[in-house]
Amino acid sequence: NGEADTMKGKRTWKIAVLSLSLVCAVSGCARESRRVLDPKKPTVITVWHAYNAFAKTKFDEKVTEFNETKGLELGIVVDAYGFGSSGELDDALFNSANEIIGSDPLPSVFTAYPDSAYRLDQLAPLVEMEEYYSAEELGRYRTEFLSEGVWGKEGRHKLIPVAKSTELLFVNETGWKQFRSDTGLSDDVLSTWEGLVSAAEEYYRWSGGQPLLGMNSFNDFAVLTAVQDGADPFPVDGENHSFVYSRETARKAWNAYYVPHINGWYKSSVYNQDGLKSGSLLAYIGSSAGAGYFPKEVIVDGENQYPIECGVRPYPTFEGGRAYMAQRGADMGIFRSSETSEYAAAEFLKWFTDPERNIEFTASIGYIPVENEALSSIEALENFIQMSDNTDAVKKSVTAALEAMQEGKFYVRRPFENSYEANERFSRSLERKVELDLNELHNRVENGEDRQTVISCFMEDENFDKWYQDLMREMVGEVNE
């Protein structure tokens, strides 16, 4: 009986091993087999992005290079399609995810900011990168860049960073040196919001009524000034989110943005580089990725023009505040589809963000590479900067961004339910207030009122209090919906 039991046990063990083998064959092993690519029957993946102008040209070059090298070897063909702006791309992705009549099928890979990607993930699930990336591979990316693509209870990575930029202060150094020489101001005033406002008021008097500064994006200012002052406006506590914005912090932002714009010390537009080119501005805060558009000269009129030097400085902070920087630049995500397509998409992203290749792409368009190895050498980045409208400005921008990264810290936006709408509302609030009050100022002066008297009315506490109370009421409703 003992021998029979032994034989029975062996048969049972063999059956168990065979069963496990069969399970492997129809699940795990089959799962791996579906990742096998065939160069004779290449897998086509589509990529939707919002790179345009020179950046689109460089991205298309990289896609062609991949298709003719790594893609040819593995059996992957990348078909890239560019949209005119990130907003246009967001709309197209949202329509496709909702299967709106007339919309195109979703792409394999897409570029998006975290808030937009989070919203898409609720409609058309994104791939969790851990399925195709090892922990070592994910660890090669700069932590702040990678962590903005993490959400959900399990904290899985849904996005891969590909190219980043930040906000910097660009200065007509030629004009600034003359102004500084005449007034005795120090360069240090350009490092803080309080110093900038003070310098702008002085410049307004010195120049006979010209604004000093323009700001390209209030979106970063709204969030960063709050974080610089010590409080994230969108704190996350587990799965719970709220909006926190103290009256004191709001007043600092008001003094740094609303007050100088209403007084004419600042004047912002979409393209503040044009203000420098015409001589109507001395500086602007804008994206490091747009450094190539910094003008080489001021053109007063058809007969009067003169060359200017570009100066680039870190993003300002509040006096005594923390040096947080804006983290800009869309990431890339992969939509759920066939496993072969997902695998092919991940292989393309790994190739595209490889340090040497990523340096070449990002530095050539004024962006910052995303892997730690690629961020270790300013000299290596400068070697890949291409001839552009203003190569000197691009070099200074990249250098300033990397140096600022050694001292400051990137702010990481955490996406959550309604975060897309909440950020839009918050970022536009003070900007919209400035637009409305400037329009009212213009109309009242046109109707005969004294300009300074009207401005004094706008500077009263009641005006600030009403804006702040309206904002808090709107934001609490938005975040808690």
Side-chain angles (χ1 to χ4, degrees), residues 47 49-51 59 62 86 108-121 125-167 220 223-224 227 232 234-236 287-289 324-336 342-343 345-363 365 367-377 381 398 401-402 404-406 408-416 419-420 423:
V47 179
H49 64 85
Y51 298 120
F59 183 73
K62 287 290 126 192
S86 57
S108 312
V109 181
F110 65 99
T111 62
Y113 291 97
D115 287 335
S116 180
Y118 180 92
R119 185 174 64 158
L120 287 168
D121 194 27
L126 306 185
V127 166
E128 294 178 349
M129 296 301 176
E130 283 82 356
E131 297 175 35
Y132 299 98
Y133 282 76
S134 67
E136 179 184 350
E137 287 173 324
L138 290 173
R140 294 172 186 165
Y141 297 94
R142 183 171 173 110
T143 302
E144 299 101 313
F145 296 165
L146 188 66
S147 60
E148 72 173 4
V150 176
W151 57 78
K153 293 181 180 179
E154 297 179 358
R156 308 281 275 184
H157 294 83
K158 301 293 186 77
L159 299 173
I160 291 294
V162 291
K164 291 296 178 182
S165 63
T166 190
E167 294 281 292
D220 291 311
V223 174
L224 286 176
V227 178
D232 189 329
F234 299 107
V236 179
S287 171
S288 59
Y324 272 94
M325 302 166 62
Q327 179 179 172
R328 307 189 74 187
D331 303 312
M332 285 194 175
I334 303 172
F335 283 113
R336 282 278 181 215
E342 293 172 9
Y343 177 63
E347 287 299 304
F348 170 67
L349 291 184
K350 290 178 184 180
W351 179 90
F352 185 54
T353 56
D354 175 77
E356 182 176 349
R357 202 165 291 108
N358 195 227
I359 287 176
E360 181 182 355
F361 173 70
T362 56
I365 59 174
Y367 278 76
I368 304 168
V370 294
E371 290 199 3
N372 293 310
E373 180 183 337
L375 290 164
S376 61
S377 173
L381 283 171
V398 170
L402 290 181
M405 286 167 60
Q406 307 303 318
K409 184 178 181 181
F410 283 103
Y411 171 67
V412 179
R413 294 177 185 269
R414 302 291 186 187
F416 54 88
S419 62
Y420 183 89
N423 270 303

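Across every non-hydrogen atom of Gly329 and Ser165, the tightest pair is N-OG, 4.1 Å. Closest heavy-atom contact between Ala117 and Leu126: O-CD1, 3.9 Å. Annotation for Thr362 and Ala163: closest pair CG2-CB, 3.7 Å, computed over non-hydrogen atoms.
Salt bridge absent: Asp115 and Arg413 never bring a charged side-chain N and a carboxylate O closer than 4.0 Å. Between Asp331 and Lys158 there is no salt bridge, since no side-chain N of the basic residue sits under 4.0 Å from a carboxylate O of the acidic one. In summary, Glu167 and Arg328 engage in a salt bridge, as defined by a charged side-chain N under 4.0 Å from a carboxylate O. Using a 4.0 Å cut-off between a side-chain N of Lys or Arg and a carboxylate O of Asp or Glu, Glu373 and Arg140 do not qualify as a salt bridge.
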* Criterion salt bridge (charged side-chain N to carboxylate O under 4.0 Å, His left out) on Lys409 and Glu144, from CA distance to verdict -> CA-CA 8 Å; Lys409 184 178 181 181; Glu144 299 101 313; over 6 Å; no

* To do: Walk me through it: do Met129 and Ile334 pass the test side-chain contact (heavy atoms from CB on, under 4.5 Å)?
  => CA-CA 9 Å; Met129 296 301 176; Ile334 303 172; 3.9 Å; yes

* Full working for side chain to side chain donor-acceptor pair (under 3.5 Å) between Glu128 and His157 -> CA-CA 6 Å; Glu128 294 178 349; His157 294 83; over 6 Å; no

* Before giving the answer on side-chain contact (heavy atoms from CB on, under 4.5 Å), spell out for Glu130 and Leu138 the whole-Å C-alpha distance, their side-chain angles and the decisive distance to 0.1 Å. => CA-CA 8 Å; Glu130 283 82 356; Leu138 290 173; 4.2 Å; yes

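Atom OG in Ser147 sits 10.0 Å away from atom CZ in Arg142 (nearest 0.5 Å). In this structure, Glu360 CD and Asn358 CG are separated by 10.0 Å, a value rounded to the nearest 0.5 Å.
Residues Glu356 and Asp354 are in side-chain contact: their nearest non-hydrogen atoms beyond the backbone lie under 4.5 Å apart. Gln327 places a side-chain heavy atom less than 4.5 Å from the side chain of Glu148. Annotation: side chain of Phe348 is not in contact with side chain of Tyr343 (no heavy-atom distance under 4.5 Å). A 4.5 Å side-chain heavy-atom check between Phe59 and His49 finds at least one atom pair inside the cut-off. Using a 4.5 Å heavy-atom threshold, the side chains of Leu146 and Leu159 count as separate. Between Val127 and Phe335 there is no side-chain heavy-atom pair separated by less than 4.5 Å. Looking at Tyr367 and Val398, their side chains never come closer than 4.5 Å, going by heavy atoms from C-beta outward.
For the side-chain hydrogen bond (donor to acceptor under 3.5 Å, both in side chains) test, residues two or more places apart in sequence or in another chain that qualify with Thr353 are Tyr141. Residues satisfying the side-chain hydrogen bond (donor to acceptor under 3.5 Å, both in side chains) criterion with Ser116, sequence neighbours excluded, are Asp90. Not counting sequence neighbours, the partners of Tyr118 by the ring pair (Phe, Tyr, Trp, His ring centres under 6.0 Å) test are Trp151. In this view, Tyr133 satisfies the ring pair (Phe, Tyr, Trp, His ring centres under 6.0 Å) rule with no residue, not counting sequence neighbours. Glu342 meets the side-chain hydrogen bond (donor to acceptor under 3.5 Å, both in side chains) test with Tyr132, Arg336; sequence neighbours excluded. Contacts of Phe145 classified as ring pair (Phe, Tyr, Trp, His ring centres under 6.0 Å), with partners at least two apart in sequence or in another chain: Phe410.
Between the side chain of Asn423 and the backbone N or O of Ser419 there is at least one donor-acceptor pair closer than 3.5 Å. The main-chain N or O of Trp351 is found under 3.5 Å from a side-chain atom of Arg357 such that the two form a donor-acceptor pair. Using modelled atom types, one side-chain atom of Ser288 and one backbone atom of Thr166 make a donor-acceptor pair closer than 3.5 Å.
Ring geometry for Phe416 against Phe234 counts as tilted: the plane angle lies between 30° and 60°, on a 0 to 90° scale.
Ring pair Tyr420/Tyr113: centre-to-centre distance not below 6.0 Å.
Donor-acceptor pairing under 3.5 Å is recorded for the side chains of Asp232 and Tyr411.
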